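Accompanying notes for the structure given below.
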2 protein chains.
Amino acid sequence: MKKVIQPVKGTRDFYPDEMALRTWLYAQIRDVSESYGYQEYEGPFLESIYLYAAKSGEALVKEQAFVFPDRGGNQITLRPELTPSLARMIAQKQNQLVFPLRWWSFGPFWRYERPQKGRTREFFQWNADLMGVDLPEADAELVSVCASLFEKISLKPDEVKILVNDRRLMEKEISALQIPSERRIDVFHLIDRKEKLSISEWEKYVFDQGFNRKQLEGLQELVANKKLYQKSDDLMRFFEAVASLGCEDYVVYDPSIIRGLDYYTGIVFEAKDIDKEGRAILGGGHYANLVADVGGEPLPGVGFAMGDVVLLLVLEKYGKLPNLDCMPASVLVTVFDEGSLSRSYALAASLRGAGFNVVCYPQATKLAKQLKFADKMGCKFAIIQGPDELQENSVIVKNLKEREQITVKRDQLTSELRSFLAEV
Amino acid sequence: MKKVIQPVKGTRDFYPDEMALRTWLYAQIRDVSESYGYQEYEGPFLESIYLYAAKSGEALVKEQAFVFPDRGGNQITLRPELTPSLARMIAQKQNQLVFPLRWWSFGPFWRYERPQKGRTREFFQWNADLMGVDLPEADAELVSVCASLFEKISLKPDEVKILVNDRRLMEKEISALQIPSERRIDVFHLIDRKEKLSISEWEKYVFDQGFNRKQLEGLQELVANKKLYQKSDDLMRFFEAVASLGCEDYVVYDPSIIRGLDYYTGIVFEAKDIDKEGRAILGGGHYANLVADVGGEPLPGVGFAMGDVVLLLVLEKYGKLPNLDCMPASVLVTVFDEGSLSRSYALAASLRGAGFNVVCYPQATKLAKQLKFADKMGCKFAIIQGPDELQENSVIVKNLKEREQITVKRDQLTSELRSFLAEV
C-alpha cells in the first residue's frame, strides 16, 4: 500500500466538522467583540524579525518563532503573536487614526513548541486591544470582554476564572524585599514559572538566580497574599469597574499572575480553568510603550490574546462544545435517470434563486443510493421528479427523517418547501 | 524622527475598513458556497515540501513557494495553493468520507513573486472542489458556483467572463499536428504563455522549443478556433449543463485557455475581466489523479481557486466595491465626569445585555470631545446622563446625524433605542 504524505507536525487539518467549530468560535468572538464596539482588523502573517527584536518575551522569538530567510535574503518571521504588528500598524497611521481605538482580530499564529495537549505549532488567536487610554477602567473593559465571551459560550464562573494582578504593585513589593530594580524582570520570570515547577525545583531556581532565603520567603509570602490588591488604588478602581460591568463573578485577584511577555507595564490578567488544569485560556495586560518601541509616538494600551486550542479543550471538559450541523444544504435534488440530470440541475438552480441552499446529486444513479447520500450528509428533504411527476408538472418532496413523502405542484414547491423547512 | 519598522514586502495590513471588505467578501463566498451545499474546510498553512513534489506546476513550488527548514530541519512550505492539501486530507480519510464530496475554503496563501498590481506575496483564496464525480456536468456546477458569486457581488456578464476549454480536446488536436504526446505539456505551456508575449516573441518561443512552421501555424489556427468545442461531446454536455444552471451568459468557449497547473486532465476554465485586462480572477479545472498522487485511491475531481487581490481590483474598476460600515457599535455612552465612569460602564453593560452593540467612552473628558469621537467613528446615537438626568432617573439620547436630542426615562431606554435604531 502506498503511504499517504503526512501533514507537518503540530498543524491541524480542519475537516468540515472541525471547521464548523472554528467558524462557530469566530462568530461568537465577533459578536462579543462587536457588542463592545471593537473593530475587526488583521495584520500580515509574515513580519520582519526586527519587529520582535525589542519587546516580545525573549523566548518567544529567539526560541519559539519560525524565522527563515526568504528568496531575497530577508529574515522573515511567521508571527508568534499579534501585538507587535498592532503597534506597527498604529505607528504607521498614528496621525490619521481616531483614539481611543478598539480593535479585535482572529487569525493564525505559529510557535515552534513541542506539540502536546493544548499546544500546537499552528494555532488561532483572538486578540483585542484598547489603545489611547491609561486608566485601570480600560483594563477592566478588556477583562469584561473576555468574561462576556465565556458567558456567551456557556462557560460559568465556577468553571473558569480571570486572574488579575498589577506589575507596578509587584514592583513596589519586590523593591521592599531589597531586590534592585534591574533584577525585577528576573523576579517576574521567577514568579511566572512558580506554578510550572515543584516547590523544591522552584526554591532551587530562586537560589540559582542569586537570591537569598529571606528574599525567597518574601516572594513566597507575596504571591500567597490574596489581599495584596488592597494596597493598589489602580486595582481597587479596576475591581470597581469590573463590578459596574457586571462580570465580577468571573474575576479574581491573584498575586502570582505576572504573564510571560516583557512588554506589560501595569495590570496583567489570565484566564484559567478553575481546577488550574492545563495552560492559560487567555492572557493580557496593560502596556505603556509598545507603539513608541516600533517607531511611533508613545501610546498606552491594554489587550489580550486567547488561543483556540486550550479554549476548545476547556469547552470539551465541561461538556459545552456546541452541536453543529456542518451540512449547509437542507435539500437534495435527486437525478431520476441519465437524461434528466440537466432538468435536476435546473430545478436546483431555481430553488437556489428562491433562497434555498440546495445540493443536486451530480450524476444519475440508483435513487436509493442518492437518498442514502442525503441521509448521511444530513439533508432534511429530497426532491424527486420521475416521468409521472414531470407529466403532471409536480415533484415529490420526501421528508428524510419522518420517511414521509408528498406530491407538490411545481409552482407551489417554493412555498411548500419553505413551510416544511420552518417546521423541522 | 524615529523610523517606523516596515512590513514585509508583498504583505498587506488590514485596517478596519480593509478588513471589513475582506469580511464582506468572505461572507459572500460563504453564502454562495453554501447555497450549493458545499461544506467549509481548511488545510494547514504549513505543509511538507513533499506534498508539492508531484503535481503542482513546477514553477509554483520550485520558483515561487516560500520553503524553509524548521528548527528540527524539516523542509516546510508556506502553502502556495490548496489543492494538494485537499488531496492529502481526502487520502487520509478516504474510507470514512461521503462521496460525492463538496468542500470550500477561504484562507491565506503565499508566493514569492514580484509584487505588482493584482499580485501580492501574501493573499487570500477561495477554493471549492467537487470530488468523486467524473462528468462534465460536475465541471459545469463549479463554473456555476463561480458565476453565482459574480452575480451576488454585482459583476455582470458584460464585465467578467468565464472562459472554458478541455485539455483532452486539445491533446487530440495537438496530436493531429504531428506533435508527439511526450511534448504535450510543452505545448500546453506554449499556449498558456501566448497571451503574455507579443506575436513575434511567441513565434520565437515556439521555434526555440523545436517546433516547425507548420506546427506553429497549426497551433495558431487551433487557439483561434472558437467553434472547436463542437468536436467535444464533453464540452457540448458541459455547455448544456451550464444553460440548465442558468449561468450561460457568464460562460464562453475559448480554445486558448489551458491553465498553468500540470495536474488538470480535462475541462479547464478561468474568469477574466471582459477587457482581458490584468490577471485571471480565478482558475480551475478537472483533475483525475491528485488523490492517488499523494497516496490515496484514484478519485477524480474538479475545483477552482479565486484570489482576493485581482477580484477586488475588478470590483473597483467597475465601481462595485460595497459601501461598508466598519464601526459595529451604533451607540456611544458618554462619561459625564470623573466620578461617573462606573455608572456609564454599568449603563453600557445593561444595554449590551439587551442586545445592543455599545461603546462606552473610556474616560471622563469634555462632552464635546466625546461627541466628536462618536461622530468620527460613525456612531448613530450618544447617551448622556448628567446630574439632572440622574436625579430624574432618565437619560438624554442624542441623534448624532440629525443633531436632535430627547430625554428618555431610564426604564424605557431599551425600547426607545430599539425604535430609534430601526428608523436610521
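What you see is a predicted model; the values in this text were computed from it and never measured. Convention: sequence-line order gives letters A, B, ...; per-chain numbering from 1. For the numbers below, each heavy atom of this structure counts, side chains included, while hydrogens, waters and symmetry mates do not.
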Side-chain contact, heavy-atom cut-off 4.5 Å: P7(A) with M89(B)? no
Can you tell me which of I76(B), L332(B), D70(B), V331(B) forms the most heavy-atom pairs within a distance under 4.5 Å of chain A? D70(B)
Quick check on the interface: out of S344(A), P328(A), S330(A), who has the most heavy-atom pairs with chain B under 4.5 Å? P328(A)
Rounded distance [0.5 Å steps], OH in Y41(A) versus OH in Y15(B): 10.5 Å
Examine R352(B) relative to Y36(A) and say whether NZ or CZ is less than 6.0 Å from the centre of the six-membered ring and inside a 45° cone about the ring axis. yes
For Q96(B), look at atom CD and say whether over 12 heavy atoms of other residues, nucleotides or ligands are found less than 6.0 Å away. yes
Considering only heavy atoms and a distance below 4.5 Å, find which of G37(B), A243(B), A329(B), C379(B) pairs most often with chain A. G37(B)
So which of K376(A), R343(A), K9(A), E122(A) has the largest heavy-atom pair count under 4.5 angstrom toward chain B? E122(A)
Option that, when pairs with chain B are counted at under 4.5 Å, heavy atom only, ranks first among G355(A), A349(A), S244(A): S244(A)
Please confirm whether the backbone N or O of V67(B) pairs with a side-chain atom of R71(A), one donor and one acceptor, at under 3.5 Å? no
Best-contacting candidate, V358(B), N74(B), L130(B), against chain A by heavy atom pairs under 4.5 angstrom: V358(B)
Which portion of M327(A) sits near chain B, non-hydrogen atoms under 4.5 angstrom: both
Using atom types as modelled and distance alone, determine if a side-chain donor or acceptor of E34(A) lies under 3.5 Å from a backbone N or O of N357(B). no
Give me the ring orientation class for F68(A) and F68(B): parallel if the planes are under 30° apart, tilted from 30 to 60°, perpendicular past 60°. parallel
Closest non-hydrogen atoms of R88(B) and V4(A), given as atom of the first, atom of the second and distance, are O-CG1, 4.1 Å
Between the side chain of Q39(A) and the main-chain N/O of P16(B), is any donor-acceptor distance below 3.5 Å? no
Say whether, by atom type as modelled, one donor and one acceptor occur between the side chain of Y345(B) and the main chain of E137(A) under 3.5 angstrom. yes
Starting at SG of C360(B), measure out to CG of L245(A) and round the result to the nearest 0.5 Å. 8.0 Å
When you measure from the side chain of R12(A) to the backbone N and O of G43(B), does any donor-acceptor pair fall under 3.5 Å? no
For each of W110(B), Y38(B), F356(B), tally heavy-atom pairs with chain A at distances under 4.5 Å, and name the one with the top tally. W110(B)
Heavy-atom pairs under 4.5 Å with chain B, option from W103(A), F14(A), Y112(A) with the top count: Y112(A)
Is the shortest side-chain heavy-atom distance between Y361(A) and P100(B) below 4.5 Å? yes
Tell me, for L46(A) versus chain B, whether the close heavy atoms (under 4.5 Å) come from the side chain, the backbone, both or neither. both
Please flag which part of Q363(A) lies under 4.5 Å from any non-hydrogen atom of chain B: side chain, backbone, both or neither. both
Return yes if some donor-acceptor pair links the side-chain N/O of Y50(B) with the main-chain N/O of Q6(A) below 3.5 Å, else return no. no
Just do the side-chain contact (heavy atoms from CB on, under 4.5 Å) check on L78(B) and L78(A) with the steps written out, would you? CA-CA 10 Å; L78(B) 293 181; L78(A) 293 182; 3.7 Å; yes
Counting heavy-atom pairs under 4.5 Å with chain A, the top scorer among F99(B), F45(B), F66(B) is F45(B)
So which of P44(A), S48(A), S105(A) has the largest heavy-atom pair count under 4.5 angstrom toward chain B? P44(A)
Name the member of Q92(A), R237(A), E47(A) that forms the most heavy-atom pairs with chain B at distances under 4.5 Å. Q92(A)
Before giving the answer on side-chain contact (heavy atoms from CB on, under 4.5 Å), spell out for D13(B) and K93(A) the whole-Å C-alpha distance, their side-chain angles and the decisive distance to 0.1 Å. CA-CA 11 Å; D13(B) 293 332; K93(A) 296 204 177 183; over 6 Å; no
Whatever's closer than 4.5 Å to a heavy atom in chain B on F123(A) counts as neither
Which residues in residues 17-24 of chain B have any heavy atom lying under 4.5 Å from a heavy atom of chain A? M19(B), R22(B), T23(B)
Who wins among G72(B), A138(B), P69(B) for the most heavy-atom pairs under 4.5 Å with chain A? G72(B)
